[in-house]
There are 2 protein chains.
Amino acid sequence: MKWSEIGGTPCSVARALSVVGDRWVLLVLREAFMGVRRFEDFRSRTGMSRRVLAERLTALVEEGVFERRAYSDRPERFEYRLTAKGRDLYPVLVALLNWGDHWMADEEGPAVELVHDPCGATVHPVQTCPRCGQAIDPRAMTPVLKRDLRAT
Amino acid sequence: MKWSEIGGTPCSVARALSVVGDRWVLLVLREAFMGVRRFEDFRSRTGMSRRVLAERLTALVEEGVFERRAYSDRPERFEYRLTAKGRDLYPVLVALLNWGDHWMADEEGPAVELVHDPCGATVHPVQTCPRCGQAIDPRAMTPVLKRDLRAT
DNA sequence: GGACTAAGTTCCAGAATGGAACTTGCTCGG
DNA sequence: CCGAGCAAGTTCCATTCTGGAACTTAGTCC
């Protein structure tokens with residue numbers, strides 16, 4: 001199976017990955033959540049090649065994760081802003097951040113910390129059950145398969 | 001910058017991605033969380049090539065995400081089990097699943113549902129602030145940069 | 001006029017990938 | 001005993017993808 005076919009799968013994880021399951025895309029999203037909007041800023045802060053950045057941004061705009069809009073005519077210049085669909089990827093980034101902070105840390109401590117404005121605390125958000133409010137433990141979750149994940 | 005250098009960055013997201021920021025790796029993890037442990041099962045359920053699967057599993061074992069252990073001598077056969085480090089990636093997968101369910105759905109509904117055993121509900125876990133318990137809204141979070149994300 | 005900027009595009013050599021064939025050690029059916 | 005089958009890889013090749021550097025376009029600043 002080629003990667004490009006993965007989005008045709010009925011699995012939501014696979015479909016999400018068809019959009020977002022790319023090394024560079026996730027780094028671009030990290031920057032977007034830090035407020036970056038411009039091509040050159042994405043490029044210099046992630047260190048990716050222009051080639052790949054241009055390609056990824058185009059794809060993300062097509063997927064509706066970013067919106068491309070002019071911030072200047074003469075000369076024409078564009079910026080990339082997260083849409084609601086893009087903003088909803090925040091939990092993915094936070095989950096990666098938490099895991100990196102926990103398992104890939106060095107002595108100097110995390111480079112980025114998250115402050116929850118309403119309560120003012122520096123936090124690592126946790127996943128909880130929206131029904132009972134308990135923190136999620138993987139072993140307390142049962143995945144129920146409704147369809148073959150490979151079917152079309 | 002080459003991808004292989006990304007792990008040397010002080011950013012936890014980048015470091016997490018150096019391990020897990022691969023299309024196929026995340027699909028392998030999806031299967032692992034559904035209980036899959038064996039090479040052939042990973043292969044047939046994800047559709048990836050043996051070549052790439054073998055390579056990724058080796059790397060994940062080196063990183064401590066999976067543990068490789070024999071489940072049979074004569075002939076020698078191995079299985080791959082998630083370690084604690086691997087299990088901690090659950091929130092990443094759940095976040096992707098949630099996003100896929102929400103934004104990439106089709107008419108037939110999700111292929112996988114998650115049941116929270118303690119309360120019995122089918123749920124989409126949400127990220128909350130461990131301090132005040134509120135659901136996380138990206139706009140209510142301020143990222144505080146402690147160091148340059150590109151420095152060594 | 002010349003240097004500089006931002007947002008791309010183009011080109012190339014080298015790295016990564018998918019697919020299919022092959023290997024190893026063993027079990028099973030006849 | 002013989003051939004088929006299986007699981008977990010490994011090897012090979014043709015195709016695709018990447019990083020890096022150079023180039024383009026339209027305009028501003030000195």
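Given the structure is predicted, the values throughout are model-derived calculations rather than measurements.
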Starting at the 5' end of DNA chain C, which residue's closest nucleotide do you reach first, B:Arg56 or A:Arg51?
A:Arg51
Those residues at least two apart in sequence (or on a different chain) that pass salt bridge (Lys or Arg N to Asp or Glu O under 4.0 Å) with B:Arg87 are none
Which residues share a salt bridge (Lys or Arg N to Asp or Glu O under 4.0 Å) with B:Arg74, sequence neighbours left out:
none
Sorted by chain and residue number, the side chain to side chain donor-acceptor pair (under 3.5 Å) partners of A:Tyr80 (sequence neighbours excluded) come out as A:Arg68
Could you tell me how far apart B:Phe42 (CZ) and D:dA7 (P) are, to the nearest whole angstrom?
15 Å
Could I get the full list of salt bridge (Lys or Arg N to Asp or Glu O under 4.0 Å) partners for B:Lys146, not counting sequence neighbours?
A:Glu113
Pick base, sugar-phosphate or nothing for B:Glu55, based on heavy-atom distances below 4.0 Å to the nucleic acid.
sugar-phosphate
In the 5' to 3' direction, the nucleotides of DNA chain C bounding the stretch that comes under 4.0 Å of a heavy atom in chain B are C:dT17 to C:dC26
Excluding sequence neighbours, so at least two apart, what forms salt bridge (Lys or Arg N to Asp or Glu O under 4.0 Å) with A:Arg38?
none
Contacts under 3.5 angstrom, residues 126-134 of chain A side chains, donor-acceptor by atom type, not counting sequence neighbours:
from     : atom 1 : to       : atom 2 : distance (Å)
A:Gln127 : NE2    : B:Pro91  : O      : 3.1
A:Thr128 : OG1    : B:Val126 : O      : 3.4

With each end axis built from five pairs of C1' atoms, what bend angle do you get for the helix from C:dG1-D:dC30 to C:dG30-D:dC1? Round to 10°.
0°
For residues 32-40 of chain B, which residues have at least one heavy atom under 4.0 Å from DNA chain D?
B:Arg38, B:Phe39, B:Glu40
ring-ring contact (aromatic ring centres under 6.0 Å, His included) partners of B:Tyr90, counting only residues at least two apart:
B:Phe33
Close residues, residues 16-24 of chain B, relative to DNA chain D [heavy-atom separation under 4.0 Å]:
none
For DNA chain C, the residues among residues 66-79 of chain A that have a non-hydrogen atom under 4.0 Å from it:
A:Arg68, A:Tyr71, A:Arg77, A:Phe78
